[in-house]
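Structure, as structure tokens:
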Amino acid sequence: MPSALPDGEPMPEDGALPPHALAGAGDRPLGFYLHVPYCATRCGYCDFNTYTATELRGSGGVLASRENYADTLADEVRLARKVLGDDPRPIRTVFVGGGTPTLLPAAHLVRMLAAVRDEFGLAPDAEVTTEANPESVDAAYLAELREGGFNRISFGMQSAKRHVLQVLDRTHTPGRPEACVAEARRAGFEHVNLDLIYGTPGESDGDWRDSLDAALGAGPDHVSAYALIVEEGTQLARRIRRGEVPMTDDDVHADRYLIADEVLAGAGFHWYEVSNWATSEAGRCLHNELYWRGADWWGAGPGAHSHVGGVRWWNVKHPGAYAAALAAGRSPGAGRELLSAEDRRVERILLELRLAEGAPLELLAEQGLAASRRALADGLLEAAPYREGRAVLTLRGRLLADAVVRDLVD
């Protein structure tokens, strides 16, 4: 089942933000995340806030239907306009995620984007992305998205090997993601990403290399590669607990990461975040960079999280409850937290250290600085950036990124 929401203080019914949240807003970019909570089936490793038709049957009613969803989400976009008032910022990035956004008709995704454009306006060079399941799109669908204003697309490839896809409960056939890249290029998409997962039980080093080679052969300009995390409560976790499939250990994950970096770098990709590589600066995912750099974004949809000016909030999880709140004229927010200056300092270290540009050493407290000197001596931080006042992970440091970050924020 989807993971639980965090604890926090109640969200005001009208969604109002404290005055300080918009102070200095003009210096920060603003993006929108639009969550589509529907999936045809639930993948065995997934604990995202998504729902199949069976899971919604009898519990969401007409308010939770796919047919109404684009209009319901547009209601939250209009709420965002009221809450942000006369904030003049055009939207820099829009990211439609899920779930499987492409289970909805392309026209519905275009309508959701139009709501953002109508209420806020889009920056002239706005990045507009949707995630897509390879089996839920075709050439005509992609052309309609491109015509409607989308200019970046991210396909969930995960693996090129059938037996690995079966363990993950992925429904697409090997080869289909690569074909989708070609179709997206013909439709006029400027930037295309392929998502990969490594460390699936039963995957070999050779399988992983084959997946990387297949992805690169398709011609994307961005690749994301994530270690499989087995979350409690998922079908995969239950299968591992029953001994049906083996658990992959951390050493295997490290080996697969090294293979990914070697293969991607050899093909002209540059890492810019621990799990993300692009062929150029223009190919980076600007929307994710909003998250990593602590900018502002409004997350619309069930369970979506938002952040504006040091205020973080999250929506109710169930699509029925989400739609009911908006229909009643209330914010769908379930709770929020007001980040202190110390919270924001720590989060900057946590997030910026994952970037190729690293984090400023001036963010570190005394103990963190001492830890950074040890990390430098241990070969976990690059020497040249360190002399210039930045903590930048080496390749070995990327393998141990979580541990390095913990030491630097203590």
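Just so you know, these numbers come straight off a predicted model, no measurement behind them.
- A perpendicular orientation is assigned to the rings of Tyr38 and Tyr69, their planes being inclined by more than 60° (bins at 30° and 60°).
- A salt bridge does not link Arg374 to Asp407: none of the charged nitrogens lies less than 4.0 Å from a carboxylate oxygen.
- Atom CG of Asp125 has more than 12 heavy atoms from other residues, nucleotides or ligands within 6.0 Å.
- There is a side-chain donor-acceptor pair under 3.5 Å between Asp343 and Ser340.
- Here the CG atom belonging to Asp169 is positioned 12.0 Å from the CD atom belonging to Gln158, to the nearest 0.5 angstrom.
- For Arg152 and Phe189, the positive end is not near the middle of the six-membered ring at less than 6.0 Å and at most 45° from its axis.
- Scanning both residues, Leu361 and Ala391, for their nearest heavy atoms gives CD2-CB, 3.9 Å.
- Note that CG of Leu103 and CZ of Arg66 are 4.5 Å apart. Values are rounded to the nearest 0.5 Å.
- Looking at Asp71 and Arg111, a side-chain N of the basic residue comes within less than 4.0 Å of a carboxylate O on the acidic one, giving a salt bridge.
- How far CD1 of Ile197 is from CH2 of Trp208: 9.0 Å, rounded to the nearest 0.5 Å.
- Considering OG of Ser159 and CD of Gln166, their distance stands at 10.5 Å, rounded to 0.5 Å.
- Salt bridge absent: Glu347 and Arg344 never bring a charged side-chain N and a carboxylate O closer than 4.0 Å.
- Judged purely by atom type and a 3.5 angstrom limit, Asn151 uses its side chain to pair as donor or acceptor with the backbone of Val128.
- Aromatic ring centres of Trp297 and Tyr291 lie closer together than 6.0 Å.
- Under the 3.5 Å distance criterion, with hydrogens and angles disregarded, a donor-acceptor pair is assigned to the side chains of Asp207 and His163.
- At a threshold of 4.0 Å, the pair Arg293-Glu357 counts as salt-bridged, since one of the basic side-chain nitrogens sits closer than that to a carboxylate oxygen.
- Under the 3.5 Å distance criterion, with hydrogens and angles disregarded, a donor-acceptor pair is assigned to the side chains of Ser372 and Tyr386.
- Checked for salt-bridge contact, Arg396 and Asp378 miss the test: no charged N lies under 4.0 Å from a carboxylate O.
- Between His270 and Leu264, every side-chain heavy-atom pair lies at or beyond the 4.5 Å cut-off.
- Summarising the geometry of Glu131 relative to Thr102, their closest heavy-atom pair is O-CG2, 3.8 Å, with the distance given to 0.1 Å.
- For the pair Val94/His287, no side-chain contact is recorded, criterion being any heavy-atom separation below 4.5 Å from C-beta on.
- A donor-acceptor pair shorter than 3.5 Å can be found between the side chains of Thr173 and Glu135.
- When side chains are defined from C-beta on, Tyr198 does not count as touching Ile259, because their heavy atoms never get closer than 4.5 Å.
- Under the 4.0 Å criterion applied to side-chain N and carboxylate O atoms, Glu9 and Arg336 are assigned as salt-bridge partners.
- A salt bridge between Arg89 and Asp296 is present, with a side-chain N of the basic residue lying under 4.0 Å from a carboxylate O of the acidic one.
- If you check the side chains of His35 and Tyr33, you find a donor sitting under 3.5 Å from an acceptor.
- Rounded to the nearest 0.5 Å, atoms CG (Leu408) and CG (Leu350) are 10.0 Å apart.
- Shortest non-hydrogen contact noted between Leu212 and Ala260 is CD1-CA, 3.7 Å.
- With contacts defined as side-chain heavy-atom distances shorter than 4.5 Å, the pair Asp87/Arg81 qualifies.
- Within the model, atoms CZ of Arg256 and CG of Leu196 stand 13.0 Å from one another, a figure rounded to the nearest 0.5 Å.
- Between Asn276 and Cys285, the closest side-chain pair of non-hydrogen atoms is not below 4.5 Å.
- Nearest heavy atoms, Pro319 versus Pro302: CA-CG, 3.8 Å.
- Surrounding CG of Asp7 are at most 12 heavy atoms belonging to other residues, nucleotides or ligands under 6.0 Å away.
- Residues Leu290 and Pro29 share a closest heavy-atom pair of CD2-CG, 3.5 Å.
- The minimum heavy-atom distance between Glu76 and Asn315, with the atom names listed, is OE2-ND2, 3.1 Å.
- Looking only at side-chain heavy atoms (C-beta outward), Leu109 and Tyr141 come within less than 4.5 Å of each other.
- The aromatic rings of Trp313 and Trp298 stand perpendicular to each other, their planes meeting at an angle above 60°, with 30° marking the opposite boundary.
- Here Glu289 pairs with Arg284 in a salt bridge; the nearest charged N to carboxylate O distance falls below 4.0 Å.
- Between Arg390 and Glu382 no salt bridge is recorded (no basic side-chain N to carboxylate O distance below 4.0 Å).
- With salt bridges taken as basic N to acidic carboxylate O contacts below 4.0 Å, none links Asp14 and Lys82.
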Please determine whether side chain to side chain donor-acceptor pair (under 3.5 Å) holds for the pair Ser224 and Ser275, giving the CA-CA distance in whole Å, both sets of side-chain angles, and the decisive distance to 0.1 Å. CA-CA 6 Å; Ser224 301; Ser275 299; over 6 Å; no

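- Leu395 has its side chain within reach of Leu258: a pair of non-hydrogen atoms, C-beta onward, lies under 4.5 Å apart.
- Looking at Arg146 and Glu190, a side-chain N of the basic residue comes within less than 4.0 Å of a carboxylate O on the acidic one, giving a salt bridge.
- Residues Lys161 and Ser211 are in side-chain contact: their nearest non-hydrogen atoms beyond the backbone lie under 4.5 Å apart.
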